[in-house]
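Single-structure report; data block below.
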Amino acid sequence: MRRASVPLLALLLAAGGCRAAAAPAPAPLPAAVPDARVARIDSLVRAFHAAGRFSGAVLVGEGGRVLYEGGAGEADREWHLPNGPAVRYRIASTTKQFTAALVLRLWEEGRLELDAPVAAYLPEYPRPQGDRVTLHHLLTHSSGIPNYVGLPGFYDTIGRREHTPAQLVALTSSLPLEFEPGTRWKYSNSGYVLLGLVVERVTGKPYEEALREQVLAPLGLDDTGFDRAGTVLERRAAGYLPDGRGGYANAPFLDPSTVYSAGMLYSTVRDLFRWDRALREGRVFRRPATAARMFTGHVETGVPLGRYGYGVFVGEGTFAGRRVGVVQHGGTIPGFTAGFRRMDDGRTLVALDNTMSPAVAELLDGIAGILYGGAP
């Protein structure tokens, strides 16, 4: 991050200044095809932006091809650099599906067991919690471990300081469980932080390195990675919040280490579409049964999003009177909101916003309405 007091993300300047060596260009996506819906989608994106409800990038895929991609607003408001499909945004809790996929790949290799307790990999984790909570519980938010992000003063103090994974785990490891593991669902970033630390113990490598080797590099996801405060990152968007006066202010600082494997990846709408294609084409896991396990709704959430699989919500949506299966996961972090949806009929919707807008889900609903022949 380039700001001392506010987080998140600066877009690479188009000219001038010192630059690191550019990464190899990712493989091109299948070209967009002419379609009357494209103009309607673009009009909707522009309308949301004009109303101050969206600033970011959008991609809509259908049948393995890009139907629409575009941007609205500015990735850097100080230099007036535009948002677009090549801009890198923080994707917040959309990170969780990548962490889940990494765990599943290690499971396929026989390096860990999903039904094993946390203590099997982190023997220092306090008992009896360490013996009662399994990796499956962590993956499905059914562990009962309190959510450390909800601790008093997290955003004002804890979140502003650098933490090791072990220090993050220690924030809640001594607290009692909120319920018996496996009996309820309650969203907890603590579980996904624990999974990241388990990955490190099993592989002997930092989470960031293990994810790159196991998932990102093999799939060619070169525009996705772990966001670090001191890294100079090309094409990185800055994060903003409404200032209450009709304008925007820089989002408050949050040290990336404090969100870790629960929510600190960056990506582009194009890379998230590539990720979706890899999932659909069976290139993420060795066995189809592994993907099925990830996308099975293991736990009822009690919220409209339906059931929770491994790193994703699994449910159904009704668009223009048509019932469609949906796998999705959004995310919010100071300055950013992410939305990622994959329909069971081959459609993919991605929207990444750099003003922490709560309207991203509404925008995706509107786009889905257009796709299925209805009004947005």
Side-chain angles (χ1 to χ4, degrees), residues 93 95-154 157-159 161-211 213-215 226 254-265 293-294 298-299 301 308-311:
S93 286
T95 296
K96 290 180 172 66
Q97 61 192 280
F98 290 92
T99 299
L102 174 56
V103 169
L104 284 170
R105 283 182 64 92
L106 296 174
W107 172 67
E108 283 188 322
E109 295 174 359
R111 301 171 73 177
L112 52 75
E113 293 296 329
L114 301 179
D115 293 326
V118 170
Y121 307 101
L122 305 175
E124 74 277 15
Y125 197 80
R127 269 55 168 206
Q129 296 96 312
D131 292 324
R132 293 158 60 193
V133 176
T134 68
L135 302 192
H136 172 82
H137 293 143
L138 301 179
L139 287 162
T140 57
H141 295 293
S142 61
S143 69
I145 298 173
N147 187 2
Y148 75 98
V149 175
L151 294 175
F154 175 80
T157 56
I158 298 171
R161 299 194 300 266
E162 184 176 1
H163 288 73
T164 66
Q167 289 172 332
L168 288 179
V169 168
L171 292 173
T172 56
S173 61
S174 62
L175 299 177
L177 298 177
E178 295 183 331
F179 52 85
E180 182 64 25
T183 62
R184 288 176 50 195
W185 181 88
K186 186 176 181 181
Y187 197 84
S188 176
N189 289 286
S190 303
Y192 273 76
V193 165
L194 268 169
L195 289 170
L197 187 55
V198 168
V199 165
E200 295 198 0
R201 293 292 176 86
V202 168
T203 63
K205 299 176 180 179
Y207 164 83
E208 175 182 6
E209 184 178 340
L211 181 69
E213 290 182 0
Q214 287 277 342
V215 179
F226 189 85
L254 179 72
D255 192 281
S257 67
T258 61
V259 196
Y260 183 49
S261 51
M264 198 37 70
L265 293 187
R293 187 158 188 166
M294 180 173 177
H298 298 284
V299 182
T301 65
Y308 204 85
Y310 287 174

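When a residue number appears, it is its place in the shown sequence, counting from 1.
Every salt bridge (charged side-chain N to carboxylate O under 4.0 Å, His left out) that Glu213 has, sequence neighbours left out, goes to Lys205. For the side chain to side chain contact (heavy atoms under 4.5 Å, CB included) test, residues two or more places apart in sequence or in another chain that qualify with Thr183 are Phe179, Glu180. The ring pair (Phe, Tyr, Trp, His ring centres under 6.0 Å) search around Tyr148 returns Phe154, not counting sequence neighbours. Partners of Ser257 by side chain to side chain contact (heavy atoms under 4.5 Å, CB included), not counting sequence neighbours, listed by chain and number: Glu162, His163, Asp255. In this view, Tyr207 and Thr99 satisfy the side-chain hydrogen bond (donor to acceptor under 3.5 Å, both in side chains) rule, not counting sequence neighbours.
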Would you be so kind as to tabulate the donor-acceptor pairs closer than 3.5 Å made by side chains of residues 111-121, with sequence neighbours excluded?
{"from": "Arg111", "atom 1": "NH1", "to": "Glu109", "atom 2": "OE1", "distance (Å)": "3.1"}
{"from": "Tyr121", "atom 1": "OH", "to": "Glu113", "atom 2": "N", "distance (Å)": "2.7"}

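For the atom pair Glu209 CD and Thr203 OG1, the distance stands at 8.0 Å (nearest 0.5 Å). For the atom pair CG (Leu177) and OG (Ser188), the distance works out to 10.0 Å, reported to the nearest 0.5 Å. For the atom pair CZ (Arg132) and CD1 (Ile145), the distance works out to 10.5 Å, reported to the nearest 0.5 Å. In this structure, CD in Gln129 is found 10.5 Å from OG in Ser143, a value given to the nearest 0.5 Å.
A pairwise comparison of heavy atoms in Thr95 and Met264 identifies OG1-N, 3.5 Å as the closest pair. The two atoms that bring Gly196 and Ser261 nearest to each other are CA-OG, 3.3 Å, heavy atoms only. Contact detail for Ala262 and Val193: the closest heavy-atom pair is CB-CG2, 4.2 Å. Of all heavy-atom pairs spanning Gly159 and Thr258, the tightest one is O-OG1, 3.6 Å. Of all the heavy atoms in Glu178 and Arg184, the pair that sits closest is O-NH1, 4.1 Å. Taking each heavy atom of Arg105 and Gln214 in turn, the nearest pair found is NE-O, 2.7 Å.
Looking at Ser173, its side chain never comes within 3.5 Å of a backbone N or O of Tyr125 through a donor-acceptor pair. Side chain of Thr172 to backbone of Leu175: no donor-acceptor contact under 3.5 angstrom is found. Judged by distance alone, with hydrogens and angles left aside, the side-chain atoms of His141 form no donor-acceptor pair with the main-chain N or O of Tyr192 at under 3.5 Å. A donor-acceptor distance shorter than 3.5 angstrom exists from the side chain of Asn147 to the backbone of Asn189, with no hydrogens or angles considered.
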Let me see the working for Tyr310 and His136 under side chain to side chain contact (heavy atoms under 4.5 Å, CB included), right down to the final yes or no. CA-CA 8 Å; Tyr310 287 174; His136 172 82; 2.6 Å; yes
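Residues Ser93 and Tyr187 meet the side-chain proximity criterion, which asks for heavy atoms closer than 4.5 Å. Considering only heavy atoms from C-beta on, Leu168 comes within 4.5 Å of Leu171 through its side chain. Side-chain contact between Phe98 and Leu265: present, with at least one pair of heavy atoms (C-beta onward) separated by less than 4.5 Å. Counting heavy atoms from C-beta outward, Met294 and Gln97 have side chains that approach closer than 4.5 Å.
Ring geometry for Trp185 versus Tyr308: interplanar angle of 30 to 60°, hence tilted.
Results of the side-chain contact (heavy atoms from CB on, under 4.5 Å) test with Leu194 over Leu135, Leu122, Val199 single out Leu122 as the only residue that passes.
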